[in-house]
Amino acid sequence: MTLEPELERLARRYAIAPGAAEVVGAAAARLRTTPRMLRYREDLGLVAPPRTAGGYRSYRRRDLLAAAFAAELERAYGVTPAALAFGLRVLLEPAVAGRVGTLARLARAGEAPPAGALAYEQRKAERLLRLAG
């Protein structure tokens with residue numbers, strides 16, 4: 001599997017080698033997380049490790065990269081695993097995408113919402129200007 005540069009960086013950071021196959025405890029230790037968090041991400045559909053004949057999860061390279069990338073996205077955008085899973089659903093289900101698009105148009109009339117603390121300060125300044133005007 002040829003990796004995008006960002007995934008290649010994650011593979012190096014966590015020493016995820018081609019041919020990897022680890023049980024949940026070893027995978028969690030490699031990714032510096034907990035087995036519970038990996039199982040939670042699996043429940044949400046962010047990672048889908050196959051099961052062995054004995055029923056154990058077998059985290060392969062793709063699964064390890066998916067879990068590491070999900071954690072990276074959560075940190076970068078300040079979202080929960082559940083929010084990230086919903087984002088995936090929006091991308092994969094056209095009906096959901098259409099309804100979320102409707103909400104976007106209703107909520108913001110097509111303008112992109114400002115992010116974080118800056119958004120709060122911008123809204124506060126706009127309210128003050130309306131009151132002053």
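Please read these numbers as outputs of a predicted model, since none were measured by experiment.
- In this structure, the salt bridge (charged side-chain N to carboxylate O under 4.0 Å, His left out) partners of Glu6, at least two apart in sequence or on a different chain, are Arg9.
- Pairing each heavy atom of Gly25 with each of Pro35, the nearest pair is CA-CG, 4.1 Å.
- Side-chain atoms of Asp63 and Ser58, non-hydrogen and from C-beta on, never get closer than 4.5 Å to each other.
- At least one side-chain heavy atom of Leu64 sits less than 4.5 Å from a side-chain heavy atom of Leu31.
- Take Arg60 and apply the salt bridge (charged side-chain N to carboxylate O under 4.0 Å, His left out) test, not counting sequence neighbours, and it matches no residue.
- In terms of the side-chain hydrogen bond (donor to acceptor under 3.5 Å, both in side chains) criterion, Thr80 has no residue partners (sequence neighbours excluded).
- Shortest non-hydrogen contact noted between Pro81 and Leu46 is O-CD1, 3.6 Å.
- Arg51 CZ: more than 12 foreign heavy atoms inside a 6.0 Å radius.
- Taking the salt bridge (charged side-chain N to carboxylate O under 4.0 Å, His left out) definition, one finds that Arg89 meets it with Glu93, sequence neighbours left out.
- One side chain, Thr102 or Arg105, offers a donor N or O that lies under 3.5 Å from an acceptor on the other.
- Atoms CG and CZ, on Leu38 and Arg30 in that order, are 12.0 Å from each other to the nearest 0.5 Å.
- Val100 and Val79 fall into different hydrophobic clusters, where Ile, Leu, Val, Met, Phe, Trp and Tyr are joined by side-chain heavy atoms under 4.5 Å apart, directly or via other members.
- There is a path of hydrophobic side-chain contacts, each under 4.5 Å, that joins Leu65 to Tyr40.
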Side-chain polar contacts of residues 11-21 - donor-acceptor pairs under 3.5 angstrom, sequence neighbours left out - could you list them?
residue: Arg13; atom: NH1; partner: Glu72; partner atom: OE1; Å: 3.1

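- Considering only residues two or more places apart in sequence or on other chains, Glu74 meets the salt bridge (charged side-chain N to carboxylate O under 4.0 Å, His left out) condition with Arg41.
- Hydrophobic clustering, with ILVMFWY side chains joined whenever heavy atoms are under 4.5 angstrom apart, keeps Leu73 apart from Val90.
- Residues Leu84 and Tyr77 are not in side-chain contact: their nearest non-hydrogen atoms beyond the backbone lie 4.5 Å or more apart.
- At least one side-chain heavy atom of Val47 sits less than 4.5 Å from a side-chain heavy atom of Tyr59.
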